[in-house]
Student: 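Sharing a structure with you now.
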Amino acid sequence: MKAAVMRAPNAPLSIEDVTISKPGPREVLVRLKAVGVCHSDVHFWDGNFPAELPVILGHESAGIVEEVGSMVSAVKPGDHVISILSPFCGTCEYCLTGHMSVCHTVNKDQFQRQPTEAPRLAIKGEKVGQFLNLSSFAEQILVHENALCAVDKDMPMDKACLIGCGVITGVGSVFHSAKVEPGSTVAVLGCGGVGLAAINGAAIAGASRIIAVDLSDEKLQMAVRFGATDTVNPGKVNAIEAVKELTKGGVHYSFECVGLKQTAEQAYHMLRPRGVATVIGMISPGVNIEIPGIELLATEKRLQGAIMGSNRFRVDFPRLIELYRQGKLHLDDLVSDRIGLDGITGALQNLKDNKGTVARQVVVFDQ
C-alpha cells in the first residue's frame, strides 16, 4: 500500500510502498476512504512530542472493512467504520466504571503486537512505527477491533472521519467531561477543529452564552457559524477581563483547546466560583500549569483534563451522526479543503502556521 512516511521531524513526508500484515485473531484490515489532518499530528511531526521513526502519522479516519481476524465480532467485511485512537479492553476498572477512554493509556500493550510477533507495518522488512494504534496517513490500516465503530453506509466518509478525533474530543468534552448544563455560560479558548467542535457541542447542550477566544479574527468568524454568541481576540483585549465582563463574573465552563500553559491558566481564571475548566489541548511534556491553590478551596473552582472527550465511542458516534443529519452538528463547515496523500506535508504546515481559514483538511482516497 501507499503511505505518507515521516522519517525526520519537520521534513516532508515521503510517499512510500509499505507492507501491511494480515489480521491477527482480533485485528481488522480497513481500506481507508478519508482521513482528517489534525493538529495532534503536527505535535509529533514538528518534534514537540517524541515518535518512533520511521512512522506513519494520521489518526482521524474512516473506511471500509476488508478483512477480519478469526476472533473478531464487532465488525465484518463490507462494514463502513470510523476509527479512534482510544481502543478499550472492556474488562478493566476503567471500562467497567464507564471511563473507557482512559483504558488505552493503562492497557496499551493489549492493542499492539508484541515484540515477538511480526510488525503490522514494514518497509523492506524494517518495522515502521504505528502512530496512536492507527497510522492513518495510508491507504489501509490494521487495528484492534475495539478501535473501530461501524456506522451507516450512507454517511459521507469525508465527514465521518472527523468524528473520530476532533469532533468527539470537542463535543465529548462538553457532553461527558464537563457535563455542560442548559442555560450555562461557556468560554472556548482556541478555535481550530477541536475548539469549533466544542463550541458546536455547547450550542447543542443549550448553553446560553458561548464565548470564542482566539487570536485569529478569521477563526472567530468561523466560530460564530458553529454557535458562538460572543468573540474575544486576546491580541486586542485582556481575554480574562473581557470574558468576566461579558458574563458578570466569569463562565460556568471553560475549554482549553490550544495546548499552552498560558491558555490553560487563562481558562481557569475565566471561571466563576464552582466553575469547571477542562484542558483538551496537548500541553508539551514537562510543562506545568500554575494556579492559586487557595482558590481551589475558597471558590471550589475545578481544573480537569479530558482525553478524547471522555468518549463511549460506539454509543457516541451513531448519536453524533444523527445530530449531523438533523443539521445540529456542522460537519460540512469543518472541512476546509480536500487533498491527496501528497498534500499532507502542506496541510501539516498550514496547521503549524496557524492559518486562520483552516479548520480541517481531509485526505480523500479514490472511491
Student: Are Glu67 and Lys22 close enough, and set up right, to give a salt bridge (charged side-chain N to carboxylate O under 4.0 Å, His left out), and what steps lead you there?
Tutor: CA-CA 8 Å; Glu67 190 176 346; Lys22 290 290 186 180; 3.5 Å; yes
Student: Please report the shortest heavy-atom distance between Val171 and Ala197, naming the atom on each side.
Tutor: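 Residues Val171 and Ala197, closest heavy atoms: CG2-O, 3.3 Å.
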Student: In the single-linkage hydrophobic clustering (I, L, V, M, F, W, Y; side-chain heavy atoms under 4.5 Å), do Leu334 and Leu323 co-cluster?
Tutor: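 Both belong to a single hydrophobic cluster.
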Student: If I take atom CZ from residue Phe137 and atom CD1 from residue Ile15, how far apart are they, to the nearest 0.5 angstrom?
Tutor: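 Between Phe137 CZ and Ile15 CD1, I get 10.0 Å after rounding to 0.5 Å.
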Student: Looking at Tyr268, I'd like to know if the NZ or CZ of Lys301 sits under 6.0 Å from its six-membered ring centre while staying within 45 degrees of the ring's axis.
Tutor: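 Yes; both conditions hold, so Lys301 lies above the ring face of Tyr268.
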Student: Lys328 and Asn200: which non-hydrogen atoms are nearest, and at how many Å?
Tutor: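 Minimum heavy-atom contact is O-ND2, 2.9 Å.
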Student: Between the side chains of Asp353 and Gln349, does any donor sit under 3.5 Å from an acceptor?
Tutor: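 Yes, a side-chain donor-acceptor pair sits under 3.5 Å.
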Student: Should Val167 and Leu329 count as side-chain neighbours, where that means a heavy-atom distance under 4.5 Å?
Tutor: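 A side-chain contact under 4.5 Å exists here.
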Student: Can Phe49 be reached from Leu351 by stepping across I, L, V, M, F, W or Y side chains whose heavy atoms are under 4.5 Å apart?
Tutor: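 Yes: a chain of side-chain contacts under 4.5 Å links Leu351 to Phe49.
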Student: Calculate, to the nearest 0.5 Å, the distance between atoms CZ and CD belonging to Arg26 and Glu145 respectively.
Tutor: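 It comes to 4.5 Å.
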Student: For the NZ atom on Lys108, are there more than 12 heavy atoms of other groups (residues, nucleotides or ligands in this structure) within a distance under 6.0 Å?
Tutor: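 Counting other residues, nucleotides and ligands, NZ of Lys108 stays at 12 neighbours or fewer.
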Student: Are Pro23 and Val28 close enough that some pair of their side-chain heavy atoms sits under 4.5 Å apart?
Tutor: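 Counting from C-beta outward, Pro23 and Val28 never come under 4.5 Å.
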Student: Using a strict threshold of under 4.0 Å (side-chain N to carboxylate O), is an ion pair present between Lys352 and Asp41?
Tutor: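 Salt bridge absent between Asp41 and Lys352.
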Student: Stepwise, does the side chain to side chain contact (heavy atoms under 4.5 Å, CB included) test hold for Tyr94 with Met100?
Tutor: CA-CA 6 Å; Tyr94 302 98; Met100 54 191 282; over 6 Å; no
Student: Please verify the inter-ring angle class for Phe313 with Phe317; under 30° counts as parallel, over 60° as perpendicular, anything in between as tilted.
Tutor: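 Geometry flag for Phe317 against Phe313: tilted rings.
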Student: Under the criterion side chain to side chain contact (heavy atoms under 4.5 Å, CB included), I'd like the reasoning laid out for Ile123 against Asp17: C-alpha separation, chi angles, the key distance, then a yes or no.
Tutor: CA-CA 7 Å; Ile123 297 177; Asp17 289 312; over 6 Å; no
Student: Before you tell me yes or no, could you show the steps for Val5 and Val55 under side chain to side chain contact (heavy atoms under 4.5 Å, CB included), namely the whole-Å CA-CA distance, both residues' side-chain angles and the distance that decides it to 0.1 Å?
Tutor: CA-CA 6 Å; Val5 180; Val55 66; over 6 Å; no
Student: Within a strict 4.5 Å, meaning less than it, do heavy atoms of the Met155 and Tyr324 side chains meet?
Tutor: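 Yes, their side chains come closer than 4.5 Å.
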Student: In Å, rounded to the nearest 0.5 Å, how long is the span from CG of Leu13 to CD1 of Ile344?
Tutor: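 Leu13 atom CG to Ile344 atom CD1 measures 6.5 Å (nearest 0.5 Å).
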Student: Taking all heavy atoms of Ile199 and all of Ala212, pick out the closest pair and write down the distance.
Tutor: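 Between these two residues, the closest heavy atoms are CD1-CB, 3.9 Å.
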Student: Identify the two heavy atoms, one from His39 and one from Arg360, that lie closest to each other, and give their separation to 0.1 Å.
Tutor: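 It is N-NH1, 4.4 Å.
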Student: Between Ile84 and Cys165, is any pair of side-chain heavy atoms under 4.5 Å apart?
Tutor: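 Of all side-chain heavy-atom pairs linking Cys165 with Ile84, none is under 4.5 Å.
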Student: Taking Glu139 first and then Lys2, would you say they form a salt bridge - that is, a charged N and a carboxylate O separated by under 4.0 Å?
Tutor: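 No, Glu139 and Lys2 are not salt-bridged.
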Student: May I ask you to check whether over 12 heavy atoms, not counting those of Gln326, lie within 6.0 Å of atom CD?
Tutor: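 Yes.
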Student: Answer with yes or no whether the side chains of Ser135 and Gln130 bring together a donor and an acceptor at under 3.5 Å.
Tutor: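 The criterion, which ignores hydrogens and geometry beyond distance, is not satisfied for Ser135 and Gln130.
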Student: Enter the distance from Leu162:CG to Ile168:CD1 here, rounded to the nearest 0.5 Å.
Tutor: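 Spacing of CG (Leu162) from CD1 (Ile168) equals 12.5 Å.
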Student: Does the side chain of Val276 come within less than 4.5 Å of Leu303's, by heavy atoms?
Tutor: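 No - every pair of side-chain heavy atoms lies 4.5 Å or more apart.
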Student: Looking only at the side chains, is there a donor atom on one of Thr185 and His252 sitting less than 3.5 Å from an acceptor on the other?
Tutor: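 Checked: Thr185/His252 side chains pair up, N/O donor to acceptor below 3.5 Å.
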Student: Val194, Val186: one ILVMFWY side-chain cluster at the under-4.5 Å cut-off?
Tutor: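 Yes, it is one cluster - the side chains of Val194 and Val186 are joined through contacts under 4.5 Å.
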Student: Run Ser336 and Gln361 through side chain to side chain donor-acceptor pair (under 3.5 Å) and show every step you take.
Tutor: CA-CA 5 Å; Ser336 305; Gln361 302 157 102; over 6 Å; no
Student: Have Glu66 and Gln140 got a donor and an acceptor in their side chains that come within less than 3.5 Å?
Tutor: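 On atom types as modelled, these side chains qualify, holding a pair under 3.5 Å.
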Student: Under a 3.5 Å threshold, yes or no: a donor from one side chain and an acceptor from the other, between Glu256 and Thr263?
Tutor: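 Yes, because at least one side-chain N or O of Glu256 sits under 3.5 Å from a partner of the opposite role on Thr263.
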Student: So, for Ser21 and Pro119, which heavy atoms are closest and what is the spacing to 0.1 Å?
Tutor: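 Closest approach of Ser21 to Pro119, heavy atoms only: CB-O, 3.8 Å.
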Student: What pair of heavy atoms forms the shortest contact from Phe44 to Met282, and how long is it?
Tutor: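 Looks like CE1-CE, 3.8 Å.
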Student: For the atom pair CG (Leu32) and SG (Cys161), what is the distance rounded to the nearest 0.5 Å?
Tutor: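 Between atom CG of Leu32 and atom SG of Cys161 there are 9.5 Å.
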Student: Answer yes or no: is there a donor N or O on one side and an acceptor on the other, between the side chain of Glu245 and the main chain of Ala242, under 3.5 Å?
Tutor: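 Here the side-chain-to-backbone pair does not exist.
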Student: Determine whether a donor-acceptor pair (N or O, by modelled atom type, separation under 3.5 Å) exists between the side chain of Thr345 and the backbone of Pro12.
Tutor: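 The answer is no, because no donor-acceptor pair under 3.5 Å joins these two groups.
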Student: When hydrophobic residues are tied together by side-chain contacts of less than 4.5 Å, even through go-betweens, does Val232 share a cluster with Tyr253?
Tutor: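 In one cluster with Val232: Tyr253, no.
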Student: Can you tell me how far CD1 of Ile64 sits from NZ of Lys33, rounded to the nearest 0.5 angstrom?
Tutor: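 Going from the NZ atom of Lys33 to the CD1 atom of Ile64 covers 5.0 Å.
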Student: Does any part of the side chain of Cys191, heavy atoms only, come nearer than 4.5 Å to the side chain of Leu196, both counted from C-beta?
Tutor: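 In short, these two side chains touch, coming nearer than 4.5 Å.
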Student: Any side-chain donor-acceptor pair under 3.5 Å between Ser86 and Asn311?
Tutor: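 There is such a pair (donor and acceptor under 3.5 Å, judged by atom type) between the side chains of Ser86 and Asn311.
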Student: Hey, is Asp152 close enough to Arg325 for a salt bridge, meaning N to O under 4.0 Å?
Tutor: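 Salt bridge: yes.
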Student: Same cluster or not: are Val102 and Phe175 linked, directly or through other Ile, Leu, Val, Met, Phe, Trp or Tyr residues, by side-chain heavy atoms under 4.5 angstrom apart?
Tutor: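 Shared cluster, yes.
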Student: Taking atom CE of Met1 as the centre, does the number of heavy atoms from other residues, nucleotides or ligands within less than 6.0 Å exceed 12?
Tutor: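 Atom CE in Met1 is packed in, count exceeds 12.
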Student: Exactly one of Thr278, Val188, Leu189, Asp214 should register a side-chain contact (heavy atoms from CB on, under 4.5 Å) with Cys257. Which one does?
Tutor: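 Answer after filtering Thr278, Val188, Leu189, Asp214: Val188.
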Student: Other residues, nucleotides and ligands only: do more than 12 of their heavy atoms fall within 6.0 Å of CD on Gln262?
Tutor: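 Not buried by this count: 12 neighbours or fewer within 6.0 Å.
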Student: When you measure from the side chain of Thr169 to the backbone of Gly166, do you find a donor-acceptor pair of N or O atoms at a distance under 3.5 Å?
Tutor: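 Absent.
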Student: Do the side chains of Leu85 and His104 get nearer than 4.5 Å, heavy atoms only?
Tutor: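 Sidechains of Leu85 and His104: in contact.
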Student: Knowing that exactly one of Asn146, Ile82, Val151 qualifies, which makes a side-chain contact (heavy atoms from CB on, under 4.5 Å) with Arg314?
Tutor: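 Considering Asn146, Ile82, Val151, a side-chain contact (heavy atoms from CB on, under 4.5 Å) with Arg314 is found only for Asn146.
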Student: Atom CD of residue position Glu322 - does it have more than 12 heavy atoms of other residues, nucleotides or ligands inside 6.0 Å?
Tutor: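 Enclosed: over 12 neighbouring heavy atoms sit under 6.0 Å from CD of Glu322.
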Student: Are the side chains of Val213 and Asn233 in contact, using a 4.5 Å heavy-atom criterion?
Tutor: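 They are not in side-chain contact.
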Student: Yes or no on ring-ring contact (aromatic ring centres under 6.0 Å, His included) for His144 and Phe111, after CA distance, side-chain angles and deciding distance?
Tutor: CA-CA 6 Å; His144 191 282; Phe111 310 111; 5.3 Å; yes
Student: Between His99 and Ser310, does a side chain to side chain contact (heavy atoms under 4.5 Å, CB included) hold up when you go through it step by step?
Tutor: CA-CA 7 Å; His99 304 290; Ser310 304; over 6 Å; no
Student: Under a 4.0 Å threshold between the charged nitrogen and the carboxylate oxygen, would Glu16 count as salt-bridged to Lys124?
Tutor: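 Glu16 and Lys124: not salt-bridged.
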Student: Closer than 4.0 angstrom, basic N to acidic O: yes or no for Arg319 and Asp316?
Tutor: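 No, Arg319 and Asp316 are not salt-bridged.
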